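Each chain gets a letter, A, B and so on, in the order the sequences are listed, and its residues count up from 1. What you see is a predicted model, and the numbers here were worked out from it, not measured in a lab. The analysis underlying the following values was restricted to heavy atoms, covering all of them including side chains, and did not include hydrogens, waters or symmetry mates.
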Amino acid sequence: MSEEVKKDLPGGTSERSLNFLEEIIEEDLKSGRYKSIVTRFPPEPNGYLHIGHASSICLNFGLTKKYPGYTNLRFDDTNPVTEETEYVDSIKEDVKWLGFEWKNERYASDYFDTLHGYAIQLIEKDLAYVDDSTSDEMAAMKGTPTEPGSNSPYRNRSITENLDLFARMKAGEFPDGSKTLRAKIDMGHINMLMRDPVIYRIKHAHHHRTGDKWCIYPMYDFAHGQSDSIEEITHSICTMEFVPHRELYDWLIEQLGIYPSRQYEFARRNINFTVTSKRKLLQLVTEKHVTGWDDPRMPTISGLRRRGYTPESIRDFCDRIGVAKRENMVDVGVLEFCVREHLNKIALRRMVVFDPLKVVITNYAGEDEILHSENNPEDPNGGVREIPFSKEIYIERDDFMEVAPKKYFRLAPGQMVRLKSAYIIKCEEVIKDAEGNITELHCTYIPESKSGSDTSGINVKGTLHWVSLKSSISLEIREYDRLFKVEDPTDEEGDFKEYLNPASLKVITTAVGEPALANAKFDDRYQFIRKGYFCLDKDTSSSRIIFNRTVTLKDGWAKEQKK
RNA sequence: UGGGGGUUCGCCAAGUGGUAAGGCACCGGGUUUUGGUCCCGGCAUUCAGGGGUUCGAAUCCCUUACCCCCAGCCA
């Protein structure tokens with residue numbers, strides 16, 4: 001392991017114990033079973049990748065980064081009715097963005113001819129037959145977990161007849177659903193997946209890659225393991241729900257006599273206050289509960305990217321939560337911790353006032369002046385930027401209280417605060433309108449307290465961010481909160497959408513920022529001092545500068561107030 | 001009630017017969033021109049429960065409980 005990788009490990013520790021897959025691989029390598037390994041990331045192109053997939057990606061690609069070998073990207077595109085090229089493109093973009101490179105880009109559909117040949121092999125060995133039963137009939141004959149199923153009346157067709165029928169299925173002679181090809185295993189098998197599983201079905205549908213060449217398509221169980229085998233995948237890693245499939249996976253490989261890939265399962269990662277099911281995410285998109293797959297509130301990779309998450313932070317997250325076989329519900333706070341940690345190191349500091357309150361510095365007689373402030377106190381080489389200061393500035397309305405509680409370090413009548421990178425000011429007078437609303441503050445400043453050359457000897461507890469009124473630019477801020485009100489929307493009564501958080505998006509149109517923000521770039525990450533981490537949103541236009549809040553800063557004051 | 005998988009701190013997660021790592025969260029304290037960062041300290045006599053084997057058990061055996069998955073021509 002390189003020093004660089006070590007540094008990235010959770011807690012900055014140099015050691016992390018092996019997860020169960022790494023243990024298996026080290027054993028395989030040590031015993032000489034394999035000299036190098038091959039893994040694959042096998043998404044179905046029927047939706048966008050989400051944070052749960054990130055775990056799988058980091059796992060599969062991470063393993064071949066750590067051990068000799070490589071990883072393929074393979075699209076499991078065996079069901080043409082739900083799959084689209086748009087999804088293929090987004091998946092490739094997301095994997096690349098996360099920082100991984102696949103050795104080969106493959107599609108299960110690349111193997112349709114081979115798979116078809118395998119099916120014929122099975123028929124010839126009398127291990128598969130064409131069944132005319134309807135899906136209802138088949139379900140009825142399937143039995144239940146506690147009762148064995150019964151044989152289909154079509155189970156004993158001759159090999160010749162099966163070959164003929166299967167050929168005619170392929171030729172398009174039969175309508176959808178009228179026939180299937182089933183493996184002939186055992187209708188009384190204790191594992192329901194072994195009760196003559198369907199391996200080919202008829203679908204007269206246009207496929208995103210093979211077009212109209214096929215009207216029969218292999219089922220997952222007859223495509224996935226075989227594709228693994230064709231690619232000589234050594235460790236085929238999938239989620240726990242496929243554990244019962246492993247028996248069938250092994251059976252097919254054995255009957256076909258093909259390369260013996262092996263399947264290993266781990267528990268998918270669940271995160272609270274969101275959903276990670278492509279079906280549910282698709283629903284949120286099509287029913288417009290969000291603006292799209294890349295809505296910054298979505299747990300999709302594209303949503304997280306637009307929100308301002310970095311690939312580094314997502315990889316760190318996957319690393320920290322680990323891999324195991326037990327059910328889990330990871331606190332979204334861990335994800336937030338990971339971005340904060342990364343962004344703290346790289347974000348440029350800027351000042352933005354969200355809810356401006358005008359402050360007039362009554363004794364500031366001089367010309368406007370240019371002050372300087374560090375771009376990032378965490379980065380000694382980050383340089384400084386210029387900030388104009390003048391007689392009239394804005395501060396956050398929240399940063400002033402007429403009647404201040406104990407331990408309130410911000411501005412209050414007669415109280416002093418430091419203006420970040422500028423001067424110490426003292427609140428002298430509160431100006432109100434006819435209704436009693438505070439419209440502005442009159443303050444005085446201490447000329448000797450200039451940041452960097454302070455000879456005033458005055459020590460203040462509070463430091464406020466501010467923006468010079470004259471040179472401020474107006475900004476739109478989009479603040480995001482958790483998408484759902486409850487930890488596990490799927491576990492609640494009724495429809496999961498009833499638990500959407502109505503306050504997941506808050507748009508602030510009153511914000512004003514320092515002029516340096518006029519040159520904000522899409523790839524830059526910012527920390528708006530005392531506010532949080534932000535990035536430019538793609539909706540930004542020449543007339544509107546829009547920032548997304550990636551995550552807030554930790555708020556010790558809010559915590560203090562709760563006591 | 002069949003089969004399979006699982007149960008270690010609020011949430012993740014090490015541990016593989018020698019006497020409970022680590023991270024997040026939380027709670028104290030220090031530094032600080034971000035109530036941020038950073039630093040220091042605290043946080044499971046106990047491993048779902050009960051028996052047993054052993055000098056010694058989270059780890060081995062027995063047993064009970066609970067959770068999840070499997071009856072799509074989805075993946």
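Residue-to-nucleotide contacts include a donor-acceptor pair under 3.5 Å from the side chain of A/Arg326 to the base of B/rU8. At a cut-off of 3.5 angstrom, counting only N and O atoms as typed in the model, there is a donor on one side and an acceptor on the other between the side-chain of A/Ser451 and the base of B/rU33.
Between the CG atom of A/Asn328 and the P atom of B/rC9 there is a distance of 14 Å, rounded to whole Å. Nucleotide B/rG22 holds its P atom 18 Å from the CG atom of A/Asp319, rounded to whole Å. The distance between atom CG of A/Asp331 and atom P of B/rA25, rounded to the nearest whole Å, is 9 Å. For A/Lys562 and B/rC26, the NZ to P distance is 9 Å, given to the nearest whole Å. Rounded to whole Å, the distance from CZ on A/Phe273 to C1' on B/rG10 is 13 Å. With rounding to whole Å, A/Asp316 atom CG is found 11 Å from B/rC24 atom C1'. We find that CZ of A/Phe389 is positioned 14 Å from C1' of B/rU33, with the value rounded to whole Å. Between the CD1 atom of A/Ile321 and the P atom of B/rA14 there is a distance of 12 Å, rounded to whole Å.
The same atom, C1', is picked in B/rG6 and in B/rA58; the two are 15 Å apart, to the nearest Å. The separation of B/rA21 from B/rU45, taken at their P atoms, amounts to 12 Å, rounded to a whole angstrom. Going from the C1' atom of B/rU64 to that of B/rA20 covers 25 Å, rounded to whole Å. Between B/rU54 and B/rU8, the distance separating the two C1' atoms is 22 Å to the nearest Å. Rounded to the nearest Å, the gap between the C1' atom of B/rC62 and that of B/rU53 is 10 Å. Across the P atoms, B/rC12 and B/rG29 are found 30 Å apart, a figure rounded to whole Å. Look at the P atom in both B/rG23 and B/rU37: the space between them is 16 Å, to the nearest Å. B/rA48 and B/rC9 have their P atoms separated by 8 Å, with the value rounded to a whole Å.
For the residue pair A/His465/A/Arg349, the side-chain donor-acceptor check at 3.5 Å is not satisfied. Judged purely by distance below 3.5 Å, without hydrogens or angles, the side chains of A/Ser55 and A/Arg268 never pair a donor atom with an acceptor atom.
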Under 3.5 Å, N/O pairs linking protein and nucleotides 35-38 of chain B:
| unit_1 | atom_1 | unit_2 | atom_2 | d |
| --- | --- | --- | --- | --- |
| B/rG35 | OP1 | A/Arg530 | NH1 | 3.0 |
| B/rG35 | O2' | A/Gly556 | N | 3.1 |
| B/rG35 | O2' | A/Trp557 | N | 2.8 |
| B/rG35 | N7 | A/Arg410 | NH1 | 2.6 |
| B/rG35 | O6 | A/Phe409 | N | 3.0 |
| B/rG35 | N1 | A/Lys407 | O | 2.8 |
| B/rG35 | N2 | A/Lys407 | O | 3.2 |
| B/rG36 | N2 | A/Glu378 | OE2 | 2.9 |
| B/rU37 | OP1 | A/Lys554 | NZ | 3.4 |
| B/rU37 | O2' | A/Asn344 | ND2 | 2.9 |
| B/rU37 | O2' | A/Glu378 | OE1 | 3.2 |
| B/rU37 | O2' | A/Glu378 | OE2 | 3.2 |

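With its glycosidic angle more than 90° from 0, B/rG36 adopts the anti conformation.
Remark: B/rA65 base-pairs with B/rU7; criterion is Watson-Crick or G-U wobble with both hydrogen-bond distances under 3.5 Å. Judged by Watson-Crick or G-U wobble contacts below 3.5 Å, the nucleotide B/rU19 has no partner.
The residue from A/Thr82, A/Thr300, A/Asn46 that alone fulfils the side-chain hydrogen bond (donor to acceptor under 3.5 Å, both in side chains) condition with A/Lys278 is A/Asn46.
Remark: A/Asp319 does not engage A/Arg315 in a salt bridge, criterion side-chain N to carboxylate O under 4.0 Å.
Residue A/Ile529 is in base contact, counting any heavy-atom pair closer than 4.0 Å across all strands shown. Counting any heavy atom pair closer than 4.0 Å across all strands shown, A/Gly452 reaches a base atom. Among the heavy atoms of the strands, none lies under 4.0 Å from A/Val81. At a threshold of 4.0 angstrom between heavy atoms, the contacts of A/Glu487 with the nucleic acid are absent.
Note that CD of A/Gln263 and SG of A/Cys238 are 3.5 Å apart. Values are rounded to the nearest 0.5 Å. Atom CG of A/Leu18 sits about 5.0 Å away from atom NZ of A/Lys66, to the nearest 0.5 Å.
The salt bridge (Lys or Arg N to Asp or Glu O under 4.0 Å) test applied to A/Arg549 returns A/Glu479, not counting sequence neighbours.
Surrounding CZ of A/Arg209 are more than 12 heavy atoms belonging to other residues, nucleotides or ligands, all under 6.0 Å away.
Ring geometry for A/Phe547 against A/Phe528 counts as perpendicular: the plane angle is over 60°, on a 0 to 90° scale with 30° as the lower cut. Between A/Tyr107 and A/His208, the ring planes are tilted. Angles from 30° to 60° get that label.
For A/Val334, the side-chain atoms get nearest to B/rC24 when compared with the rest of B/rU33, B/rC12, B/rC24.
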Item to check | Contact state string [nucleotides 65-75 of chain B, B base, S sugar-phosphate only, - no protein heavy atom under 4.0 Å] | outcome: --SSSSB-BSB
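Both A/Lys450 and A/Gly322 sit near RNA chain B, but only A/Gly322 has its closest nucleotide nearer the 5' end.
The main-chain N or O of A/Tyr154 is found under 3.5 Å from a side-chain atom of A/Ser152 such that the two form a donor-acceptor pair.
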